[in-house]
Every structure is written in structure tokens, then in C-alpha cells.
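In this chain, numbering begins with 1 at the start of the sequence shown.
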Amino acid sequence: MAVRNVVKYPEKSLAQPSVKVDVIDDGIKELIKDMGDTMFHDIGVGLAAPQIGINKRVIVYDSHAMDPEYEKETREITALINPEIIASYGSFISEDEGCLSVVDYRADVKRFERVTVKALNIDGKQLEFDADGILSVIMQHEIDHLNGVLFIDRISSLKRAMYKKKRMKELKNQ
């Protein structure tokens, strides 16, 4: 098990767009394994490579996150390489959204109700699927990370400013 450190806001690298993965080699597969270990260690449902300081277009998510009856001990990840949202439908409010890189803060975020995602799997096979509910939120949240966007960038400027002020005070006091 290789748990990596999660990069926290206001780390500037979180605001940088990630680069496309051209070759799925052993290094990418090891990265995916480490991301899964890190996500489950920090009790997340999704993780993007930039969150562990790797500027590559790779995300992982809990394969069972959308099944309310699954056993928490079951740990299985799905990895997506170079994912992109190619269509989106409707809108709703993702309530109480949080992020491993945004310490001690949750907020309601306007999201699309359903998205269509295109990506490669760990074997390099092209995938295309529709996601709704929690999976739609996970896809939007993690793909945002790949584009240098945090969920706090999608809330009101007042709430964002209040969080930034609180976070800077916390960092100053450490």
C-alpha cells in the first residue's frame, strides 16, 4: 500500500490544467494503484492525480460509491485516463460537496444532473458512458481537478473569500 500526501489548497499546482497521458505504462498503473490507496485511506470517493501532485489526466473513483448497499470494506477502484465530459444535461445542486484538497469545508455546488464521459480505462480501451446521481458529481468534480478547477471555484465569491480567509489564518497559525 502506497498512500501519498494529498496536496491542499492554496497549493498553486491545483489551479494548473493537467497534461494528457500518451502511454499507459507501468508508471501510470502504479500511479493508479497509489491513487486508490490514498483515496480509501483518506475516506474519499474520488481522487484526481493533481491532488497528489501529479499533473496528469488520471482520476480514480470508488467503484461502489453509487450503491448504497455495498459493504464499506469492499475496496474497488475504477480508473479513467484522459477523461472528458462530452455532453451534459439538466442541473441540480450537489449538497454538502467536499474535497480532500479543500480542508474542513463543504458547500452546495450547482452541477449537471447527468453527464456523458469519454475516457480510456487502465488497459487503454476507449469507454463512453452516461453518469447521473453521485457518479455524475464525482465525474464533474474530478474532471474539474484535471482542468485546474476546485469546487470552491463554483460557489459564490463571498463564500469562497470567507473560506480563503479562514484557510490562510489556519496556515499562518500552524
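- Atom NZ of K164 sits about 9.5 Å away from atom OG of S157, to the nearest 0.5 Å.
- Within 6.0 Å of atom CG in N5, 12 or fewer heavy atoms from other residues, nucleotides or ligands are found, so the atom counts as exposed in its surroundings.
- Taking both residues in full, the closest heavy atoms of V3 and D37 are given as CG2-O, 3.9 Å, listed atom of the first, atom of the second, then distance.
- In this structure, the side chains of L120 and Q126 come closer than 4.5 Å at one or more pairs of heavy atoms.
- What you find for M139 and A131 is that their closest heavy atoms are CG-CB, 4.2 Å.
- A donor-acceptor pair under 3.5 Å is absent between the side-chain atoms of Y105 and the main chain of I152, judged by distance alone.
- The pair R167-D104 does not count as a salt bridge, with every side-chain nitrogen at least 4.0 angstrom from each carboxylate oxygen.
- Side-chain contact check for R154 versus K110: every heavy-atom pair is 4.5 Å or farther apart.
- Under a cut-off of 6.0 angstrom, the local environment of NZ in K118 is sparse, with at most 12 non-hydrogen atoms contributed by other residues, nucleotides or ligands.
- Legend: residues meeting salt bridge (charged side-chain N to carboxylate O under 4.0 Å, His left out) with D96, ordered by chain and number and at least two apart, are R106.
- Residues L14 and I143 fall into different hydrophobic clusters, defined by Ile, Leu, Val, Met, Phe, Trp and Tyr side chains chained together at heavy-atom separations under 4.5 Å.
- Closest non-hydrogen pair, H145 versus S18, comes out as O-OG, 4.4 Å.
- Residues Q16 and S13 have side chains that never bring a donor and an acceptor to within less than 3.5 angstrom of each other.
- In this structure, the separation between OG on S88 and CG on D130 is 11.5 Å, given to the nearest 0.5 Å.
- Taking 4.5 Å as the limit, every side-chain heavy atom of E11 sits out of range of all side-chain heavy atoms of S101.
- Criterion: ILVMFWY side-chain heavy atoms under 4.5 Å apart, direct or through other members. Under it, F92 and F151 are not part of a common hydrophobic cluster.
- Remark: side-chain polar atoms of D132 are not paired, donor with acceptor, to backbone N or O of S136 under 3.5 angstrom.
- Residues I81 and I24 have side chains in contact (heavy-atom distance under 4.5 Å, counting atoms from C-beta outward).
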For R111 and D144, run salt bridge (Lys or Arg N to Asp or Glu O under 4.0 Å): C-alpha distance rounded to whole Å, both residues' side-chain angles, the deciding distance at 0.1 Å, then the answer. CA-CA 11 Å; R111 295 284 187 188; D144 271 355; 3.0 Å; yes
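- T38 and A2 get closest at one heavy-atom pair: OG1-O, 3.9 Å.
- V109 and V115 fall into different hydrophobic clusters, where Ile, Leu, Val, Met, Phe, Trp and Tyr side chains are chained together by heavy-atom contacts under 4.5 Å.
- Taking 4.0 Å as the cut-off between side-chain N and carboxylate O, D22 and R57 do not count as a salt-bridged pair.
- With a 6.0 Å radius and a threshold of 12 heavy atoms from other residues, nucleotides or ligands, Y9 has its OH atom above the threshold.
- For M168, the CE atom is densely surrounded, since the number of other residues' heavy atoms within 6.0 Å is greater than 12.
- N147 places none of its side-chain heavy atoms less than 4.5 Å from the side chain of P17.
- Nearest heavy atoms, R160 versus I155: NH1-O, 2.8 Å.
- The CD1 atom of I138 lies 11.5 Å from the CG atom of L47; values are rounded to the nearest 0.5 Å.
- Between E128 and T116 there is a side-chain heavy-atom pair separated by less than 4.5 Å.
- Nearest heavy atoms, K56 versus L146: O-CD2, 3.6 Å.
- A 4.5 Å side-chain heavy-atom check between D42 and V6 finds at least one atom pair inside the cut-off.
- Rounding to the nearest 0.5 angstrom, the gap separating the CG atom in L80 from the CD1 atom in I59 is 4.5 Å.
- With sequence neighbours excluded, no residue forms a salt bridge (charged side-chain N to carboxylate O under 4.0 Å, His left out) with R114.
- Linking Ile, Leu, Val, Met, Phe, Trp and Tyr residues whenever their side-chain heavy atoms come within less than 4.5 Å places I32 and V21 in a single cluster.
- Cluster annotation: I52 and F40 are assigned to the same hydrophobic cluster (Ile/Leu/Val/Met/Phe/Trp/Tyr, side-chain heavy-atom contacts under 4.5 Å, transitive).
- A donor-acceptor pair under 3.5 Å is formed between the side chain of D62 and the backbone N or O of H64.
- You'll find the side chain of E142 stays beyond 4.5 Å of the side chain of V137, heavy atoms only.
- More than 12 heavy-atom neighbours from other residues, nucleotides or ligands sit within 6.0 angstrom of NZ on K166.
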